[in-house]
Participant: 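This structure is in structure tokens; I'll ask about it shortly.
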Amino acid sequence: MSTTGTAKISFKAQMLLAREDAIIQSVNRLLAEKGFEAMTVDEVAADVGIAKASLYKHFPSKEDLAAAAMVSVMRRAQGFLDALQPELPAVEKLRQVVAWTMGLKLAGEMPSLPSQNSSLRTALMANKDYMDGLMDVSDRLGAWIEAAQALGALNPKLPPIAVLYTLYARACDPVLEFLKMGGLYTNDEIIALVLSTCFEGLEAR
């Protein structure tokens, strides 16, 4: 009987988990670099160094690969939200979350997914881990948006859902890449600029 009370993961299971992690990291990077439509399963398999047949044992489709990458990002987001100082004003929590997502985008770690793709949307909606994570993150951000509006830090006339989607959109904002390509600003300066244009536009008038 184990003295720790937890079952030891077999070597084979550890190797499978390590391979899945490697696959998800590769998918995340390729989605950030090329987007969903341009990424191929062959590229992912080659990048990880496994046969395509082996890849399909972990993830049956390209859509499932993208969903797994999004679950990984959602878990990172939940971890970031958990680590925020509870005493921070609601609007400051929102600013820090948006800055974090833009940092991921500039670092090439934010998957780029099309908004209009029915098979991908179906795969995402069928993925319980993704949907649970999305609901959790949305509920927490929504509560902070309403709190910030109640205090006058954000325009109370704006529907909270519109504010939420505006903040989510910063994770795929092309302005970030345009400013980076220009070479005039550091990543931190780009984030500060876009934060300013975003939150000043949401302030109460």
Side-chain angles (χ1 to χ4, degrees), residues 21 24-39 47 66 69-116 130 133-134 136-205:
D21 284 343
I24 292 170
Q25 287 179 24
S26 175
V27 171
N28 204 330
R29 182 175 55 76
L30 288 169
L31 284 173
E33 287 178 3
K34 312 183 76 168
F36 179 76
E37 305 295 354
M39 184 190 79
D47 191 54
M70 289 308 298
V71 168
S72 175
V73 169
M74 205 58 67
R75 285 178 178 157
R76 289 180 70 181
Q78 288 174 297
F80 183 83
L81 297 187
D82 290 342
L84 286 172
Q85 296 175 354
E87 65 273 13
L88 284 175
V91 71
E92 181 56 29
K93 289 178 182 176
L94 293 170
R95 288 178 66 91
Q96 289 196 22
V97 173
V98 175
W100 175 77
T101 60
M102 291 193 294
L104 287 188
K105 172 73 172 173
L106 288 167
E109 297 175 21
M110 180 62 72
S112 176
L113 299 179
S115 58
Q116 303 297 322
Y130 171 73
L134 179 62
D136 175 43
V137 170
S138 296
D139 285 347
R140 288 200 258 179
L141 294 183
W144 294 339
I145 289 167
E146 290 179 348
Q149 288 181 316
L151 292 170
L154 293 179
N155 188 346
K157 294 180 181 179
L158 295 171
I161 191 70
V163 178
L164 178 66
Y165 290 154
T166 297
L167 300 183
Y168 273 151
R170 302 291 69 75
C172 52
D173 193 340
V175 171
L176 299 169
E177 290 171 292
F178 292 147
L179 289 172
K180 187 167 184 173
M181 284 189 295
L184 298 176
Y185 304 100
T186 66
N187 284 0
D188 287 344
E189 289 171 337
I190 291 170
I191 290 170
L193 283 168
V194 179
L195 273 179
S196 178
T197 58
C198 175
F199 278 89
E200 287 176 16
L202 294 172
E203 285 177 1
R205 294 290 186 267

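Along the sequence shown, the residues carry numbers beginning at 1.
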Participant: With sequence neighbours excluded, what pairs up with S196 under the side-chain hydrogen bond (donor to acceptor under 3.5 Å, both in side chains) test?
Facilitator: E200

Participant: Begin from the C-alpha positions of V163 and L94 and carry the test side chain to side chain contact (heavy atoms under 4.5 Å, CB included) through to its verdict.
Facilitator: CA-CA 11 Å; V163 178; L94 293 170; 5.8 Å; no

Participant: Rounded to the nearest 0.5 Å, what's the gap from CZ on R29 to CD1 on I24? Could you check?
Facilitator: 14.5 Å

Participant: Once salt bridge (charged side-chain N to carboxylate O under 4.0 Å, His left out) is applied, do any residues pair with D136, and if so which ones, sequence neighbours excluded?
Facilitator: R140

Participant: For a quick test of reading the model, state the closest non-hydrogen atom pair linking L31 to A69 and the distance between them.
Facilitator: CD1-CB, 4.0 Å

Participant: Which residues satisfy the salt bridge (charged side-chain N to carboxylate O under 4.0 Å, His left out) test with E37, sequence neighbours excluded?
Facilitator: none

Participant: Keeping to residues at least two apart or across chains, list the ring pair (Phe, Tyr, Trp, His ring centres under 6.0 Å) pairs with something in residues 71-105.
Facilitator: F80-W100

Participant: With sequence neighbours excluded, what pairs up with N187 under the side-chain hydrogen bond (donor to acceptor under 3.5 Å, both in side chains) test?
Facilitator: none

Participant: To the nearest 0.5 Å, how far apart are CG in L81 and CG in L141?
Facilitator: 6.0 Å

Participant: Within the side chain of K34, is there an N or O that forms a donor-acceptor pair under 3.5 Å with the backbone of S112?
Facilitator: no

Participant: In the structure I gave you, are the side-chain heavy atoms of V73 and P111 within less than 4.5 Å of one another anywhere?
Facilitator: yes

Participant: For a 4.5 angstrom cut-off between non-hydrogen side-chain atoms, does R95 reach E92?
Facilitator: yes

Participant: According to salt bridge (charged side-chain N to carboxylate O under 4.0 Å, His left out), who are the partners of K180, at least two apart in sequence or on a separate chain?
Facilitator: none

Participant: Please list every donor-acceptor pair under 3.5 Å in which a side-chain atom of residues 164-176 meets a protein atom from a residue at least two apart or in another chain.
Facilitator:
from, atom 1, to, atom 2, distance (Å)
T166, OG1, A162, O, 2.8
Y168, OH, S138, OG, 2.7
R170, NE, D173, OD2, 2.9
R170, NH1, T166, O, 2.6
R170, NH2, D173, OD2, 3.4
D173, OD1, V175, N, 2.9

Participant: Scan for salt bridge (Lys or Arg N to Asp or Glu O under 4.0 Å) pairs involving residues 101-115, sequence neighbours excluded, and state none if there are none.
Facilitator: R76-E109, K105-E177

Participant: Return each pair, listed once, that meets salt bridge (Lys or Arg N to Asp or Glu O under 4.0 Å) where at least one residue sits in residues 143-159; pairs must be two or more places apart or across chains.
Facilitator: none

Participant: Which residues satisfy the side-chain hydrogen bond (donor to acceptor under 3.5 Å, both in side chains) test with D21, sequence neighbours excluded?
Facilitator: none

Participant: Report the residues that fulfil side-chain contact (heavy atoms from CB on, under 4.5 Å) with E189, sequence neighbours left out, ordered by chain and then residue number.
Facilitator: Y185, T186

Participant: Before you tell me yes or no, could you show the steps for M102 and L195 under side chain to side chain contact (heavy atoms under 4.5 Å, CB included), namely the whole-Å CA-CA distance, both residues' side-chain angles and the distance that decides it to 0.1 Å?
Facilitator: CA-CA 9 Å; M102 291 193 294; L195 273 179; 3.7 Å; yes

Participant: With Q149, which residues qualify under side-chain hydrogen bond (donor to acceptor under 3.5 Å, both in side chains), at least two apart?
Facilitator: none

Participant: L179 and side-chain contact (heavy atoms from CB on, under 4.5 Å): which single residue from I191, L106, I190 fits?
Facilitator: I190

